[in-house]
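Below you'll find the structure, written out as C-alpha cells, and then a few comments.
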Amino acid sequence: MFNQETLDKYSPLDNKVYQLMDDDGIPLSKSWKPSISKEQIMQAYKDLLFERTADFMAISYQRQGRMFTYPPNLGQEAIHIAAGMVMQENDWLVPAFRELGAWLAKGVSLREIFLYFKGNEDGSRFEKANRVLPVAVPIASQLVHAVGLGYAMNYQQEKAAVFAFVGDGGTSEGDFHEALNFAAVWNAPVVFIIQNNQFAISVPLKMQTKSINLAIKGIAYAVPSIVVDGNDLFAMQEVLAFARKHAIEGKGPMLIEARTFRMGAHTTSDDPTKYRTKDEEEEWALKDPLKRIKGYITAKKLMDFSGEEAMVKEFKKKIDLEFEAAEKHPEYPLDDVFAYMYQDMPSELKRQKNAYENYLQNKGGDQ
Amino acid sequence: MFNQETLDKYSPLDNKVYQLMDDDGIPLSKSWKPSISKEQIMQAYKDLLFERTADFMAISYQRQGRMFTYPPNLGQEAIHIAAGMVMQENDWLVPAFRELGAWLAKGVSLREIFLYFKGNEDGSRFEKANRVLPVAVPIASQLVHAVGLGYAMNYQQEKAAVFAFVGDGGTSEGDFHEALNFAAVWNAPVVFIIQNNQFAISVPLKMQTKSINLAIKGIAYAVPSIVVDGNDLFAMQEVLAFARKHAIEGKGPMLIEARTFRMGAHTTSDDPTKYRTKDEEEEWALKDPLKRIKGYITAKKLMDFSGEEAMVKEFKKKIDLEFEAAEKHPEYPLDDVFAYMYQDMPSELKRQKNAYENYLQNKGGDQ
Amino acid sequence: MKVMNMVQAINNAMDTMLAEDKSIVVYGEDVGVEGGVFRVTEGLQGKHGAERVFDSPLAESAIAGTALGMAIAGLKPIIEMQFDGFSYPAFNQILSHIARFRNRTRGKFTVPAVIRIPYGGGINALEHHSESPEAYFGHTPGLKVVIPSTPYDAKGLLIAAIEDPDPVIFMEPKRIYRAIKQEVPEEKYSIPIGKARVVNSGEQLTIIAYGAMIREAQKAIVMAKQKGWSVELIDLRSIWPIDRDTIRESVRKTGRVLIVTEASQSYGPAAELISIVNEEAFLSLEAPPTRLTGFDTVIPLPLGEKYYIISPERIFYEIEKLIRY
Amino acid sequence: MKVMNMVQAINNAMDTMLAEDKSIVVYGEDVGVEGGVFRVTEGLQGKHGAERVFDSPLAESAIAGTALGMAIAGLKPIIEMQFDGFSYPAFNQILSHIARFRNRTRGKFTVPAVIRIPYGGGINALEHHSESPEAYFGHTPGLKVVIPSTPYDAKGLLIAAIEDPDPVIFMEPKRIYRAIKQEVPEEKYSIPIGKARVVNSGEQLTIIAYGAMIREAQKAIVMAKQKGWSVELIDLRSIWPIDRDTIRESVRKTGRVLIVTEASQSYGPAAELISIVNEEAFLSLEAPPTRLTGFDTVIPLPLGEKYYIISPERIFYEIEKLIRY
Ligand SMILES: Cc1ncc(C[n+]2csc(CCOP(=O)(O)OP(=O)(O)O)c2C)c(N)n1
Ligand SMILES: Cc1ncc(C[n+]2csc(CCOP(=O)(O)OP(=O)(O)O)c2C)c(N)n1
Ligand SMILES: [Mg+2]
Ligand SMILES: [Mg+2]
C-alpha cells in the first residue's frame, strides 16, 4: 500500500509512474493486495460504469439538441471514482470541469449537472452536495480557491482536505504556480490532482511544457508530488487516500499527476481527428480504466459480467429520469437574472428589472 | 571555468552555491584561474565602485528632496557588473528595477536614470543605449517580455541573448511561471537572473516560498538552473558568460539564482530595522561584493588602493554632473503628456489637450 | 468578388497580411493545427508555416506579454484570446504594458500588436464565453479598440489594425461570425480606424451601436419604418477613438439618440456615448439621450440569456418611447 | 473623541472588527510585520496574531483568489492590493470569480471579502502607483465599490464593507491618507453603502465627486462663493451602487452639474454619472452636464503630474463656464 515510505523513495525526476495493475487488470506485484474491500471494488466498478453511461447519454442528449456544450469524461473515470471513494463528507471538492464521477460521489445530482450544461445556473446550486465548488471555466483559476479553503480548514482547525482538479493545459497558467506556492507556504491541506489527459483542446502536452512530467513541477514549491497511472483505479485510490491523510495530519499539500487520456472529444463541439492520430487513440484504448478494473475482477473471479447489460439498462433509465427532471425544471424566470447578484438586491438592479418588466407589459401583441 | 560539464554535474536539488572566492576574495581552489584578464578585473572593480558611489549619491539626492523614490543597489552590484561584462551590444537587457550597473554597462546614462527617478519619462528614452527595456515596476511582468524578445531573436536568426532580471519576491508571481515555461517550450535564448536578495520589501524569503532555493524552480520547466554566489564577481561572470553562450548556441534558456543581500533599504521610503536584525545585516556585510573583489586584487597584488579616494572623488564629480544635467532637463511640457501615447495623436487627445490649453489661457491672473 | 462570412473575411485578412509581411506572426491557444476554436485561423499554419502561425501554451498573460516583447523586437504579432472572458488573465500585460510602452519610453519602443478577441453573447455558451469587455479596454489609455459588424468591415479594419503602429484590440462579434455573408475583395484594403459608418440615414432619431447590435438595430429600424419613423443608424466601428464628428452631425440633425450595447450598463460603453452626445449636441436634444444595454448582472447562462440580450423588439420599444417623447 | 487621519481611521476600523469577529483575517504583501507600506495595518499583527494578520507571498491573483476560498469556508478576509496598479494581476480573480460566485451558485456560496486598494495620484510616485481604476470595478456586476473622502467616512464605510455579505472593493485615496484630521469615534459604527453625502448644499450648480477630489472641489467652492455663486457638492462615497436619489434631487434643483474625477475620461466614471443625470433630470438641465476628468493618457510621472491632476483652479474654471452658460 502506498505509504510515507513509498513517497519518500519516490522522485518525479525518475519519471516513474505509480501503477498497480497492468493493462489487463492483472496486479503487477504478486504480494500486492487491494487496500479496499471486495464490496468497494465492486461498487467502484459500478460507479465507473455509471459515470461512463451517464457521459455517453449526455453526449447523445447534446447531439439531440437537448443540451449545450458538454465535456466528455471518457477514459478518465478511474480518477474520478477513486477521488469519490477517498473524499469524506467534510472534504472540499474543487473541480475544473471534467470530473463527473467525483461530483456524483460528493452528492451532486445528475439532474443538476444536466441542468447546468443545459444552461441554467440552478444546476450549480448543488442542493444536497456539501463542499463542492461549481465548475470552474477559467482554466486553473480554481486552484487558488482551493488554497483559500485549505487555509480556512487550518484556521478553523477542521480535519478536512481539499481536492482540487486541473488539466495538463492548466499547469501552464500563472494561477497554477501561485496556488502551489501559497499552499506550500501556508501548509494548506490541499490535494492537487492534475488530470494529464495529454491534450488541452488540440494542443498536445509536448507543446505545453518541456518538462518530462507534470508532477516534477511540485519540486519548485517543495510540494511532494508523484505521477500515478490515472487509469489504474487501485493506484489512484491508494495515492489519493494517502494524500488525504497527509493533508489532514498537517503535512501540507501534495501534487498528483494522474496520467490518462481523453478518449473522447474536448467538448461536444470538438473534432479530435484534426489533431491526433488513430494510433494514439488505439494505444490508449488498451489502457481503458473500465477494461482494466473489469480485468482485475475477472482474474480474481469476483463476479461475472453477465448482469452488466441489465445494469446499464437500469442506469440508462435512471439517467433518463434525471435528464427529464432537468428538462422539467421550471422555466428560467426573469427574477433569476437579478436575484442572486447580491444578498439584498440594490435599487439599481430593481430599476433595471422594472424597466424590463415595463417593456414586457407594454410591448403589446404586435411585436 | 564554468562549462557544460559543470552544468551537467550540477543539480539545484543539492542546494550548492557556485562560488569561486571566499568572503575575503581568496579563490577557493588553487587551480582556478580567472577567465577574464587583469584589465577586466580592474575595470570590474572600478565599475562596481562607480555603481556604489552613484547609488550612495542617488540616495543623498533623494534625501535632499531632489529626487523621488529610489531603490538602492548596495550589496548586489557584483551581479550587475558581471552582467555588464557579459552582455554584448546586440543582447537585450530586460531589467526589473534594481540593476544599476547593468544599465550603465548597456549605455544608459546616469543622467537618464536620475531623470527617471526624478519623475520624468524622458529618462526611459535611453538615447544611446540599445536594447535595454525600461524599468519594470509590476513585479515579474517583464519576464514574459523577455521571452517574446527571445522568440524574435530566434525568428530573425540573430545570435543574441536576452538578460532578464527578477527579484526573489518576483518568483511568486504567475508571470514568472508563464515566462519560464514559454521560454522552455519556445527554446528562447533568455538568461533569467533572480537577484535573491532575501527580501521582498519586508517579506523574507522563507515566507515567499518553501523551496530550498530558487534555482530549483527551473526543474519545473526543464530549464537548466543554478545557484550562484551573487556577491562573487568571478562566479557570476563565469556563469553568465556560459549562459549567454548556451542561449546563442540555440540551447535555450537558463535560470540563475544569484544569491545576495540587499544591504540597504528597499527604497528610500523603507526602514529595514522594522523587519530584520542587525545580526543578519552584519553577517552579510562580511560577504560584501566590493570587499571581496578588493580582497582578490589585494591578494594577487594587482594594485594597491591608495588611489581609491581620489577615484571616488572623480566619480562623485562625474555623478554630480550627470545629476545636474538631469536637473537642467527642460521643464516637462504639457505636450509630453499627450505626444507619446500613439504615433499619430488621435483627435480625442488633441481635444483634451486643447481644452487644457484653453483653461491655461483663460484662467487669467486671479487664480 | 468572393462572398465571405466574417470568419472567412478575418481569415482572409490575416492570410493576405501574412503573405505580404514576414514580420507578422499569429499565435494563441489552438490557433495552429486546429485553426482556432472558431476556425478563424484555419489553414494559416499550413500555408505560412508553424514558426509564423502556432499554438502557445495555455497562459493568456504570457501570450500577451510575449507579444509585447516580439513587437519591440520588430515583429508584428497577432494574438488570439480564445474567448472574451479569457482576456482577463492578460489584463495586467495589456493595461500596464502593451498600452503604455510607447509612452513609457517616449516613443523608443512601440507595440504594433493586434489582440483578437471573439466577444459577446448569443451563442448558447458556458459562462465566461459571452462577455462584452470593450469598456475595460476603451477606458485604458494607449489602446485602440475596434469592432466590426460586417465581413467587409472586418477585413478592412483588421488590416488597418495590423498596419497600425500602435496596439489594437480587435473584438469580433462571434454571434454574427457566420450570420452575414457579403462580397469581400480578395485583395488588400483597409478601413481607417476611428471613422464610424452611417449604416442607415434617417431624420428623427439616431441609434448608435456596433458589433452584433447593428443587425438587431437594423431589424428594429425596419419595424420603425412601418410606423413611418425615420431612424439613422451609426455603426461606431471604433470604440476608441470615437468618431465624434459623425455622432455630432447626426444628433444635431435628429435631436434624439438611442445607444444600444450588449455590455452591462453601469460604467459601460453607452455611458461614454451619452456623455459625448451631451458634449457635442446638448442644445439639439429633444429627448433624453437613452441607453439600452445589458443589465448590471452577469450575462445569464443560455436558458436565461434571452432576457439579457437585446432584441429588435426592445430596440423598437425604445425608439417608440423616444419618438413619442 | 480621538482625532484621526484616514490611515488611523482605517486601521482603527480593522482593529475594531478584528477584535469583534474571529472570522476576520487580514493579509497581503507587507501587511503583517511591516504594517503595510502606508502603515495602514500597523500594529494589527502584534495585537491579533500572525494567523489573522499576515504577509502573503508576492502574487496578487493568489491573494484575491485565496480570499474567495476563505470566504466560502466562512472567513471574512480583508486583503490589500499594495497599490492600485497592482490590482490588475488580480483582475481575473476579482472579475470572474469574486464578483460572481453568489450568482453562479444561486446564493449557495458567497464572498463577503473586502479588497482594500490605495489609489490615485498626487504622491509623486513611480508608474503604476497613481492609478484610478474604479471604473473597471464599477463596470463589473457583482461588486460594490466604495471610496471614502474623510477619516470618519473611511471608518464607517470600511466597517459597513466588512459586514457586507457581498464583496466590496474599498478604495483609499492615498493622497489624503494623512491630509485630513477629524474626530472619529473609537467605538464601532457604520455608514450605509450606497448613500451619497451632501458635503455642501447650494443652489446654482451641483458638483459630483469622491475621494481626493472632494477636498479640491471644496476649495473651488470657496472660490466660487467669493463670486457669489452657490454650489452644491455631493460626495458619492459609493461608486456602485450609485445614489441616484441624491443626484436627482440636487440636479433637479440646480439644473447644472459638474462631475470631477481623477480617472481618465473615456469610458470613465464621469460618463456614468452624466448618463444618470440625463436619465434622472434631463428636463431640469440648463447647461450641458460637464465632466472634468483625467486625460485619456497614462498619468504622468511626478514632474508631469501637475497637468493631469485636477486643481481647484480648474474646477473653478469649469464652475464659472457652467454658471455663465
Ligand atoms: C483562462 C482560460 N483560457 C482558455 C480557456 C478555453 N479552454 C477551455 S478548456 C481548454 C483546454 C484545457 O486543457 P486542460 O487543462 O488540459 O484540460 P482538459 O480540457 O484536457 O480536461 C481551453 C484552452 C479557458 N476555459 N480558460
Ligand atoms: C505586481 C506588483 N505587486 C506589488 C508591487 C510592489 N512592490 C514593489 S517592489 C516589491 C518587492 C519586490 O521584491 P523582490 O522581487 O524580491 O525584488 P527586490 O525589491 O528585493 O529587488 C513589491 C511588493 C509591485 N511593484 N508590483
Ligand atoms: Mg488536458
Ligand atoms: Mg528581493
Side-chain angles (χ1 to χ4, degrees), chain B residues 68-69 71 97 115-124 134-135 137-141 167-176 200-204 207-209 266-267 269-271 274-275 329 331-334 336-338 340-341 346 348-349 352-353 355-356 358-359 362-364 366-367, chain D residues 29-39 42 50 54-63 82-83 85-86 88-90 92 123-129 220 223 226 264-266 292-308 311-314 316-318 320-321:
Chain B
F68 299 109
T69 323
F97 51 84
L115 190 57
Y116 173 78
F117 286 112
K118 284 173 67 62
N120 190 323
E121 291 84 350
D122 280 352
S124 293
V135 158
V137 175
I139 300 295
S141 59
D168 46 311
T171 63
S172 296
E173 288 279 4
D175 276 351
F176 171 84
I201 308 187
S202 71
V203 180
M207 302 201 62
Q208 201 65 247
T209 183
H266 170 68
T267 64
S269 34
D270 174 50
D271 170 17
K274 285 203 82 164
Y275 53 79
H329 192 78
E331 261 254 45
Y332 199 117
L334 175 64
D336 281 10
V337 176
F338 295 92
Y340 299 101
M341 291 300 299
E348 180 60 29
L349 288 191
Q352 296 181 12
K353 182 163 159 272
Y356 190 84
N358 283 341
Y359 152 70
N362 292 327
K363 68 170 176 170
D366 64 323
Q367 291 119 37
Chain D
E29 294 154 12
D30 305 287
V31 306
V33 176
E34 166 111 331
V37 293
F38 289 106
R39 307 289 179 260
E42 187 142 53
F54 53 97
D55 296 327
S56 73
L58 207 178
E60 291 76 12
S61 183
I63 293 172
Q82 196 162 81
F83 282 86
F86 309 137
Y88 304 154
N92 189 42
I123 62 156
N124 287 326
L126 292 173
E127 202 188 340
H128 312 282
H129 290 72
M223 291 155 73
Q226 286 164 3
S264 47
Q265 178 165 306
S266 289
L292 178 59
T293 71
F295 308 127
D296 283 0
T297 67
V298 179
I299 181 167
L301 289 187
L303 294 180
E305 214 180 3
K306 60 177 179 279
Y307 300 116
Y308 188 98
S311 63
E313 288 73 22
R314 277 175 75 199
F316 175 80
Y317 177 72
E318 297 296 334
E320 175 158 19
K321 277 203 296 185

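We name chains A, B, ... by the order of the sequence lines, and we start the count at 1 in each one. All values below come from the heavy atoms of this structure, side chains included, with hydrogens, waters and symmetry mates left out.
At a 4.5 Å heavy-atom cutoff, the contact between P333(B) and chain D is made by backbone atoms alone. Contact annotation for Q226(D): neither backbone nor side-chain heavy atoms come within less than 4.5 Å of a heavy atom of chain B. At a 4.5 Å heavy-atom cutoff, the contact between M341(B) and chain D is made by side-chain atoms alone. Looking at E60(D), both its backbone and its side chain come within 4.5 Å of chain B, counting heavy atoms on both sides. Looking at K321(D), there are no atoms closer than 4.5 Å to chain B (heavy atoms on both sides), in backbone or side chain. Heavy atoms of N120(B) lying under 4.5 Å from chain D belong to its backbone as well as its side chain. Contacts between T297(D) and chain B at a heavy-atom distance below 4.5 Å involve backbone atoms as well as side-chain atoms. With a 4.5 angstrom heavy-atom cutoff, L334(B) touches chain D via backbone and side-chain atoms both. Both the backbone and the side chain of Y275(B) come within contact range of chain D, with heavy atoms under 4.5 Å apart. Looking at Y307(D), both its backbone and its side chain come within 4.5 Å of chain B, counting heavy atoms on both sides. Neither the backbone nor the side chain of D175(B) comes within less than 4.5 Å of any heavy atom of chain D. Interface residue V37(D): only side-chain heavy atoms are found under 4.5 Å from chain B.
In this structure, V137(B) and H129(D) have side chains that are in contact, with non-hydrogen atoms separated by less than 4.5 Å. Looking at heavy atoms from C-beta onward, S311(D) lies in side-chain contact with Y359(B) at the 4.5 angstrom threshold. At a threshold of 4.5 Å between non-hydrogen side-chain atoms, the residues N358(B) and Y317(D) count as touching. In this structure the side chain of I201(B) never reaches within 4.5 angstrom of the side chain of E29(D), judged on heavy atoms.
Rounded to the nearest 0.5 angstrom, D336(B) CG and L303(D) CG are separated by 11.0 Å. Atom NZ of K353(B) is separated from atom CG of D296(D) by 14.5 Å, given to the nearest 0.5 angstrom.
The salt bridge (Lys or Arg N to Asp or Glu O under 4.0 Å) test applied to E127(D) returns R100(C), R104(C), not counting sequence neighbours. Considering only residues two or more places apart in sequence or on other chains, F38(D) meets the ring-ring contact (aromatic ring centres under 6.0 Å, His included) condition with F83(D), Y177(D).
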Please assess Y332(B) against E305(D) for the test side-chain contact (heavy atoms from CB on, under 4.5 Å), listing each intermediate value before the final yes or no. CA-CA 9 Å; Y332(B) 199 117; E305(D) 214 180 3; over 6 Å; no
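The aromatic rings of F295(D) and F338(B) are tilted relative to each other, their planes meeting at an angle between 30° and 60°.
Of the listed residues (Y116(B), Y340(B), F97(B)), the one with the most heavy-atom contacts under 4.5 Å to chain D is Y116(B).
A donor-acceptor contact shorter than 3.5 Å is absent between the side chain of E313(D) and the backbone of K363(B). Side-chain atoms of E121(B) come within 3.5 Å of backbone N or O of L301(D) as a donor-acceptor pair. No donor-acceptor pair closer than 3.5 Å links the side chain of E34(D) to the backbone N or O of K274(B).
Taking every heavy atom of both residues into account, L58(D) and G169(B) meet most closely at CB-O, 3.5 Å. Taking both residues in full, the closest heavy atoms of A59(D) and S172(B) are given as CB-O, 3.4 Å, listed atom of the first, atom of the second, then distance. Pairing each heavy atom of F68(B) with each of P302(D), the nearest pair is CE1-CB, 3.4 Å. Of all the heavy atoms in S202(B) and D55(D), the pair that sits closest is OG-OD2, 4.4 Å.
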